[in-house]
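Presented below is the structure to which this report refers.
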Amino acid sequence: MGFSQDSRDYSEADLLAQAKTGSKGAFESVIRPHLPMLFAYSRAICGDYHHAQDVVQETALIAFRNLSHLFPEADFAAWLKAIARRQALAARRKLAKRGSWTDEAFEAAYDNPTSDAVAAERNALLKCLEGLETRAGQVVRRHYFEGQKLQHVSETMNLNLNTVKTVLFRARLALQECVRQRLQIGEA
Amino acid sequence: MNPLTCDDVGLRLSNLLSEELEDAEEVEAHLARCTECRRQAATWFRQDRALAELAVHTRLGQPLLDGIRVRLEETQPAAAELASTTAGGAPVLPMPQGQRSWHAHAWWLTGLVASVVIGVGVLSWLLVPGSASAMARLEQVQGEVYVVADGIRSSARQDQVLIAGQGLHSEGEDSSAVVVYADGTRVNIGADTLITELSGGPRMRKKVALSEGFLTADVAKQPPEFPMLLATPHAEILVLGTKLNMAHATAATYVEIEQGMVRLTRTSDGRTTDVAAGYQAVATSGPEPLQPQPAPPRVVNPRLIRDGWCSMLSPDGTILVATQYGSGTVELWDVATGQPRQRLQGHGSRVDAAAFSPDGLTLATGSTDRTVKLWDVTTGQLQTTLSGHPAPIRDLVFSRDGRNLTTVAFGHMLESKKTVTIWDLKTGERRPPHEYAARSWALSPDGLTLATASDGQTPEITLWDLLTGQNRQLKGVRGTVFVMKFSLDGQQLAIHNYYCVGGLISVFDLGTGQLRTSLRGFAKGRIVGMAFSADGTRLVTGHRQDTTIRLWDVASGKQLATFEGEHAGYVRTLAFGADGRALVSSENHVPDRGGPLFVVRLWDLPAVLHPNRKQP
């Protein structure tokens, strides 16, 4: 069943209804928009880029098998997020390092689990990344897009680990300011 | 040490987001007093989300979809899975509410306990990826087992890592799971069991919250400051280093200790008692004494005998007899191993009655082919056939000395004429058969007394001496009599009648002929099976309309427990074992298609439900 193109014409509720009948194509279509959020959320919990991918796939599988649990009026994204949270916690490699304040900041970032919630910021970030100085841009891309640990980044870029940390820190500050300006003037 | 500046915190937050910060304590302390830094933290977590989402948009999206597609191909469609599960009788959704029976756990009990090996879990634990932050893992998963968290259930899989706060639900009588904690503590979870919470960790108390069902625990390590806790709605059980079995149902929480000791605290009043090895204790919501009792030997049960029509136990409780609905075959099962023992074939049609001789060496079977056959229980060989009955054999009983056999024969259930014959097994001769008009009847355990009930709203309950023909009547029963049953000593007769407002069981003392007690509480629902315990203090009843099985205290008339039957049909026959503990039930399942299905199960009743059984 091909939903790759036509599915854009269906609402989430329509796709969910079809997925509940066993349509894997419909399910792929309905979960696709949520994959970015699920990955980001899982990665932030389990702290590992590669494990987060597994968590997302496991989350999708669990969701598909339990679709009948989902009430029609329920928030699909929030439901997926809850499944991902549990799976990511199970896959977490290290003991929890966050405390209550940092945890609050983390949860606040995902208060609205739909991927659209950060769409503007994401678009602005993409443009800001292009303007980032080369070394900082590489660190950010290797770390976030390729899943390299900072230690690995330091080795491949032949930099001291502390230098990489500092570069990333400054990149975050620069990106923050760039995004703020873009969103302020509505360029995103 | 100098306090952190906001710049310091910014760098550390950046490292935290990159999993490069070991300890967030200082950051937390700073955030607690710095609003600006909290705002910065919120911004960066949001930025972290956006960056990670960009990874999906730019390069990870398709690999993730491909991975999901591959995994979906390995699973059943949701609808198909739901349909197949529901067809099996165990609903996937919703999560069960309230309490369930524990009848299905009985077979499970001894087998798992016997297989416990301390320390096996520890080695394999080290091989589990990601175990450093995990609490326990599922070493074994059988049947339908789900991990439950936040109201969401996901199928459990072998070697799955469990984290604190998750629960487990085993659905169906073939389902079970084994949880192994990091320290080697093993928790075996029985069938149809709901664990609402499992928790524990390096510096945490291990806790298992049992909402319903059955578990055994083998506690490997017990840090004095963090003793393991097992909790049910009725009690909290602090483990002081032990191997134990535990069950919870609506009526009570039951715990039995194999090794070590536990401290049981009853929820209702906070009373505490220590239960040592070899003892058992029961906590209910009531004020009953919380005194530990010596634990009895357990019974291993045949798990399920399909197509079982009529069932009973040998006098010593070691052999279960089940006749087949669709043929004249009789099966003997070894209770200790749960394995089939013998198959007796020879009857031309269904066997409706069976009885062991008092010495347990001979089995008599009565069939709708109008014959009685005597079998050598040891060899399974047919010894003799008693012919000449005028109708199908519906009941038979050996005399106390095993010399005589009394049979009851009639054509169909509504036929009022019952023909009773007493056979002399030594000579093979029989006394002249007598016919009795009765709507309902019961044969005393010695085969010498027949109780009959006539039809009508004021039935005559008559006790017939089958040797002399003398009779006497019991007064005080009104309404239609459906079932009557003698106690094993022949001194009590339970009569189930239905009159005006509902059902009632009247228990008569046959020594005095007076009504001893009345059991009420099932206004809706006819009783179709009834049995006294060996000592006559308990009565178990099977109900047709609501498919429950209830246990009563005969002296007080109090209902001790209700087992919520999950079977689609009704209980046909019930029997206590000679040790007063095992109970056979024959249930009539009526699936949507394919006609009736008859099954036999052997249950293991907790001590509180039968405190006077024989001790070893």
* Asked: What option among B:D48, B:V147, B:T58 has the most heavy-atom pairs under 4.5 Å with chain A?
  -> B:D48
* Using non-hydrogen atoms only, which part of A:V179 is less than 4.5 Å away from chain B: side chain, backbone, both, or neither? -> neither
* Check: A:E28 and B:L72 side chains under 4.5 Å, non-hydrogen atoms -> yes
* Has the side chain of B:T185 got a donor or acceptor atom that lies under 3.5 Å from a matching backbone atom of B:Y181? -> no
* Structure fact -> Bottom line for A:N112: the part with an atom under 4.5 Å from chain B's heavy atoms is backbone
* To do: Tell me, for B:D7 versus chain A, whether the close heavy atoms (under 4.5 Å) come from the side chain, the backbone, both or neither.
  => backbone
* Considering the options A:L168, A:L161, A:V167, A:V164, which one meets the side-chain contact (heavy atoms from CB on, under 4.5 Å) requirement together with A:V153? -> A:V164
* To do: Could you tell me which portion of B:R12 (side chain, backbone, both or neither) has an atom closer than 4.5 angstrom to a non-hydrogen atom of chain A?
  => neither
* Asked: Is the NZ or CZ atom of A:K81 positioned over A:Y110's six-membered ring, under 6.0 angstrom from the centre and within 45° of the axis?
  -> no
* Between B:L31, B:L54, B:I68, the one whose heavy-atom pairs under 4.5 Å with chain A are most numerous -> B:L54
* Between B:L17 and chain A, which part of the residue has a heavy atom less than 4.5 Å away: side chain, backbone, both or neither? -> both
* **Most contacts with chain A, counted as non-hydrogen pairs under 4.5 angstrom, among B:S18, B:G67, B:A41** => B:S18
* To do: Look at the aromatic rings of B:H169 and B:Y146 and report parallel, tilted or perpendicular, splitting at 30° and 60°.
  => tilted
* Asked: Relative to chain B, which of A:L129, A:V118, A:L126 shows the most heavy atom pairs under 4.5 Å?
  -> A:V118
* To do: Look at B:E53, B:R69, B:Q40 and state which one has the largest set of heavy-atom pairs under 4.5 Å with chain A.
  => B:E53
* Top contributor to chain B interface from A:E58, A:E104, A:Q87 [non-hydrogen pairs under 4.5 Å] -> A:E58
* To do: Quick one: which of A:F145, A:F106, A:W101 has the most heavy-atom pairs under 4.5 Å with chain B, could you say?
  => A:W101
* Under a 4.5 Å heavy-atom cutoff, which of B:A52, B:G10, B:A55, B:S14 has the most pairs with chain A? -> B:S14
* Spell out, as yes or no, whether a donor-acceptor pair under 3.5 Å connects the side chain of A:E133 to the backbone of A:R135. => yes
* Close side-chain approach of A:W79 to A:N66, heavy-atom, < 4.5 Å -> yes
* To do: Please work out which of the three classes, parallel, tilted or perpendicular, describes the rings of A:F27 and A:F64, given edges at 30° and 60°.
  => tilted
* To do: Please flag which part of B:R59 lies under 4.5 Å from any non-hydrogen atom of chain A: side chain, backbone, both or neither.
  => side chain
* Asked: Can we say B:R186 and B:E139 salt-bridge, meaning some charged N sits less than 4.0 Å from an Asp/Glu carboxylate O?
  -> yes
